[in-house]
Amino acid sequence: MKLYETENVRNVVVVGHGNAGKTTLSEAILFKKKLVSRMGKVEDGTTVSDYQPEEKEKSISIGLSIVPFEHNEVKVNFIDVPGYPDFIAEALSGIRAGDNGLIVINATAGVEIQTKRYWDYLTEINKPRAFFINKIDVEGVEFSKIVDKIKKTFGSKVFPIIVPIMDGKTVTGVYNLLSDKEPPDGVISNVSELKKELVEIAAEGDDALLEKYLGGEGLTPAEIKQGLKRSLSRGEFFPILVGSALTLLGIDELMDFITDYMVSPDFFGVVKGMDPKTNEEEERKISADDNLSAFVFKTVSDPYVGKLSFIKVYSGLLNSNSTAYNSSKGASEKILQLLFVRGSEQIPADKIVAGDMGIITKLSATQTNDTLSDKNTPIIFSKIVFPTPMLSRAMRPKSKADEDRMSIGLSKIMDEDPTIVVTKNIETNEQIISGVGETHLSIIMGKLRKRYNVDIELTIPKVPYRETITGKIKVEGKYKKQTGGHGQYGHCWLEVEPLPKGKEFEFLNKIFGGAIPKQYVPAVEKGVKEAMKHGMLAGYPVVNIKVTVVDGSYHPVDSSEMAFKVAGSMALKKALEQCNPIILEPIEKIEIIVDEQYMGEVIGDINSKRGKVLGMKSNNGKQIIEALVPLAEILSYSNDLNSITQGTGAFTQQHSCYEPAPPKVIEKVIHNSKIEEKE
């Protein structure tokens, strides 16, 4: 692939709601540029972008894919990212790598929920962006209504530059409002007015042009282009283009727009980071003339090539068969081979210039979010903030062989996907995997099965309940055993009572007069603690109890630490049976972030889950709800929240406390424990 200078590169991240047609759009461009002999179909699993086995199987994009093409002596890196909310991490990686955003809208569905979400992400980091209304030729679609909806949702700075040409109710072509050609029949009636408004937007993009325009002079086509490009780059103009990826309508106009109006990487001048030596702000000029700096925005474990690190070079030149310094890890890396990619196709490269992107193979220490630089002038760029995993499931390997292979497979997948977290719950003895949602975890299980031959069943995690007592009692524990020779003898009296919430255990010795020798009292405590591991109701650990040794007896020959340990255990078990035991359930503090329109339904759902809303506040246009909810009620809360908020809500949770469970919950827990015992 030809090496392009920084000013002749365009990095465009293509975002939108699922089924908007992003992958088909990239396929249409490849076909137009004769890079494929025929257009692939998502449903057939034959597209360049959706090349992973899981994507072909599910007929959805699950991973970021780079589809470069050359147009008008410009290299365009078309970054196709998933629209499904479970794979938002891939989209965030693409947004970080792109310098421009193209928001694809399905004309038959209009502005959908994920469209708004991606707009917000692009707005947050101030990326120039445009809209492409896809499927404009579908019967019943009304262009003016879609434009009105986009303007209403995203503001008055949204403006069409490509409009459909109609023959009755049929779309026969598209017309570029920036063209000096006469509008053909079938173009919208207010085309002259729209052209005039575009000139005004261009004039407002540059002070000199504005002065000329206000002075009554007309602007040349080159000046209009200059002004619009500046307005677009400043976030003062968001063009709308139209077309149909499936029928190739408007594809030439889209490619022309990308190369003529979207910004090259060097438009931003410099990129800021931090000097790891001084922790002070550091800058790099986005130019091949500055020192090397590059950012790893994605990692893939290729079964044939090995580890692939997707990088964007911000400054300098990255050469194959060279060395780079991982500023994030403080380690040197050998750059053995560089690749450009087009979907799954790998194209060897000698170098990658500032502003361009590609792949480095087989880096050892480098991971997603790391910065590579020159060792003498290190810099670290800010990391992509990935969403917190919201859905957790317990993993049960189907066989011992699966269990043995599981950790290796999971380790490689976690290198690829920073939204996967694996933990071990010591209390329930379960391996827990956490991800963004059900589909996300399902895809991960598919990868484990196909790539690493690991078969795992996912189940809802066990709830780590506790047991405690509500009454006070004095109990006796006596262990006496004669087996010939020395016997076993331990005897103690314990007072057992509840402790206030938060105090798990207290043990006191009030033996007077040597009823139990001092050396045996710790053994009694050991026996008590051992008995506390399994409560009498459902076998859960016992907490919040105070145990006092008040009396007992011993045998000068037969007493031993083991005997007193057994006696202490026996005494506590009696107490647990007779002191009105109850079950405590874990309560989570959750913070839910939602759009205001979903507030009422989310709060109602929390109330139905026996939750208690603590408060609400606003932040950056979002509503934040804080609540306490039993853990048992939110084991699948990710699914519930996604359903209520159409995938736009998010939440975090942390353990708060344990509270007495209601009688119905206690009955259910005891019932389930008996079933587990039988199994």
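Along the sequence shown, residues are numbered consecutively beginning with 1. Below, all heavy atoms of this structure are taken into account, side chains as well, without hydrogens, waters or symmetry copies.
No side-chain heavy atom of R117 sits under 4.5 Å from any side-chain heavy atom of V15. In this structure, the side chains of N106 and N134 stay at 4.5 Å or more apart for every pair of heavy atoms. Two residues are said to be in side-chain contact when any heavy atoms from C-beta on lie closer than 4.5 Å; I103 and F132 fail this criterion. The shortest distance between side-chain heavy atoms of V14 and V81 does not fall below 4.5 Å. E112 is not listed as a side-chain neighbour of Q114, based on a closest heavy-atom distance of 4.5 Å or more. Residues V629 and Q653 form no side-chain contact, since every pair of their non-hydrogen atoms from C-beta on lies 4.5 Å or further apart. Contact check for I62 versus K58: no side-chain heavy atoms found under the 4.5 Å cut-off. Using a 4.5 Å heavy-atom cutoff, the side chains of D605 and N607 are not in contact.
The closest side-chain donor-acceptor pair between S244 and D137 falls under 3.5 angstrom. A donor atom on one side chain and an acceptor atom on the other are not found under 3.5 Å apart for N11 and N100. For the residue pair E70 and Y4, a side-chain donor N or O sits within less than 3.5 Å of a side-chain acceptor on the partner. In this structure, a donor-acceptor pair under 3.5 Å is present between the side chains of D80 and T23.
In terms of heavy-atom proximity, T47 sits nearest to V42 at CG2-N, 3.5 Å. Considering every non-hydrogen atom in both D50 and K56, the closest pair reads O-CG, 3.8 Å. Scanning all heavy atoms of the two residues, the minimum distance from I606 to A627 falls at CG2-CB, 4.0 Å. A pairwise comparison of heavy atoms in P239 and L232 identifies CD-CD1, 3.6 Å as the closest pair. Considering all non-hydrogen atoms of both residues, Q623 and D595 come closest at CG-C, 4.5 Å. Taking all atoms of both residues into account, the shortest heavy-atom contact from M616 to I603 is SD-CD1, 3.5 Å.
Applying the 6.0 Å contact sphere to NZ of K272 captures no more than 12 heavy atoms from other residues, nucleotides or ligands. Taking a 6.0 Å sphere around CD of Q597, one finds it holds more than 12 heavy atoms contributed by other residues, nucleotides or ligands. Within a 6.0 Å radius of CD in E596, other residues, nucleotides and ligands contribute 12 heavy atoms or fewer. Applying the 6.0 Å contact sphere to CE of M599 captures more than 12 heavy atoms from other residues, nucleotides or ligands. Counting heavy atoms of neighbouring residues, nucleotides and ligands inside a 6.0 Å radius, atom NZ of K212 exceeds 12 of them. Enclosure of atom NZ in K195 by more than 12 non-hydrogen atoms of other residues, nucleotides or ligands within 6.0 angstrom is indicated. Summarising the local packing, CD of E345 is surrounded by more than 12 heavy atoms from other residues, nucleotides or ligands at distances under 6.0 Å. Other residues, nucleotides and ligands contribute over 12 non-hydrogen atoms within 6.0 Å of the CG atom of D44.
In this structure, CD1 on I224 lies 10.0 Å from OH on Y213, to the nearest 0.5 angstrom. The structure places CZ of F69 at 7.5 Å from NZ of K33, a figure rounded to the nearest 0.5 Å. Rounding to the nearest 0.5 angstrom, the gap separating the CE atom in M445 from the NE2 atom in H440 is 9.5 Å. Atom CG of L92 is separated from atom CD1 of I384 by 7.5 Å, given to the nearest 0.5 angstrom. Rounded to the nearest 0.5 Å, atoms CD (E204) and NZ (K157) are 10.0 Å apart. Atom CG of residue D266 and atom CD1 of residue I286 lie 7.5 Å apart, to the nearest 0.5 angstrom.
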Report task. Verify ring pair (Phe, Tyr, Trp, His ring centres under 6.0 Å) between Y637 and F651, making sure each step is shown before the conclusion. Result -> CA-CA 9 Å; Y637 188 58; F651 76 98; 5.0 Å; yes

Query raised in the report: Do T648 and Y598 pass the side chain to side chain contact (heavy atoms under 4.5 Å, CB included) test, and can you show the C-alpha distance, the side-chain angles, and the key distance before you say yes or no?
Result: CA-CA 10 Å; T648 61; Y598 302 115; 3.7 Å; yes

Requested in this report: Give the C-alpha distance, both sets of side-chain angles, the deciding distance and a yes or no for side chain to side chain contact (heavy atoms under 4.5 Å, CB included) between M39 and T24.
Outcome: CA-CA 8 Å; M39 282 180 60; T24 305; 4.1 Å; yes

Report task. Determine, stepwise, if the pair V171 / F143 fulfils side chain to side chain contact (heavy atoms under 4.5 Å, CB included). Result -> CA-CA 10 Å; V171 177; F143 172 70; over 6 Å; no

Requested in this report: Could you give me the CA-CA distance, side-chain angles and deciding distance for L198 and L178, then say whether side chain to side chain contact (heavy atoms under 4.5 Å, CB included) is met?
Outcome: CA-CA 8 Å; L198 275 172; L178 300 172; 3.8 Å; yes

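Put simply, the side chain of D86 never gets that close to the backbone of V436: no donor and acceptor are under 3.5 Å apart. In this structure, S231 contributes its side chain and L228 its backbone to no donor-acceptor pair below 3.5 Å. Remark: the backbone N or O of D207 is not paired with any side-chain donor or acceptor of E211 at under 3.5 angstrom. In this structure, the side chain of T172 engages the main chain of I165 through a donor-acceptor pair within 3.5 Å. Proximity of a side-chain donor or acceptor of T220 to a complementary backbone N or O of E223 within less than 3.5 Å is detected. Remark: side-chain polar atoms of S179 are not paired, donor with acceptor, to backbone N or O of Y175 under 3.5 angstrom. Distance alone, capped at 3.5 Å, is enough to place a donor-acceptor pair between the E55 side chain and the G63 backbone. Of the possible polar contacts, one joining the T259 side chain to the M255 backbone as a donor-acceptor pair under 3.5 Å is found. Side-chain N or O atoms of N642 include one that pairs as donor or acceptor with a backbone N or O of S638 at under 3.5 Å. Between the T6 side chain and the A354 main chain, a donor and an acceptor come within less than 3.5 Å of each other.
Both the sub-6.0 Å distance and the 45° axial angle are satisfied by K75 relative to the ring of F340. Cation-pi geometry between R38 and F31 is not met: the NZ or CZ atom fails to fall both under 6.0 Å from the ring centre and inside 45° of the normal.
Ion pair D640/K609 flagged as a salt bridge, since at least one NZ, NE, NH1 or NH2 atom sits closer than 4.0 Å to an Asp/Glu carboxylate oxygen. Comment: R610 engages E633 in a salt bridge, judged by a side-chain N to carboxylate O separation of less than 4.0 angstrom. The pair R393-E438 meets the salt-bridge criterion, with a side-chain N (NZ, NE, NH1 or NH2) lying under 4.0 Å from an Asp/Glu carboxylate O. Note on K298 versus E416: no salt bridge recorded, every NZ/NE/NH1/NH2 to OD/OE distance being 4.0 Å or above. A salt bridge does not link D99 to R10: none of the charged side-chain nitrogens sits closer than 4.0 Å to a carboxylate oxygen.
Using bins of under 30°, 30° to 60° and over 60° for the plane-to-plane angle, the ring pair W119/F154 lands in the tilted bin. Aromatic ring orientation, Y118 versus Y121: tilted (interplanar angle from 30° to 60°).
The aromatic ring centroids of F238 and F131 lie 6.0 Å or more from each other.
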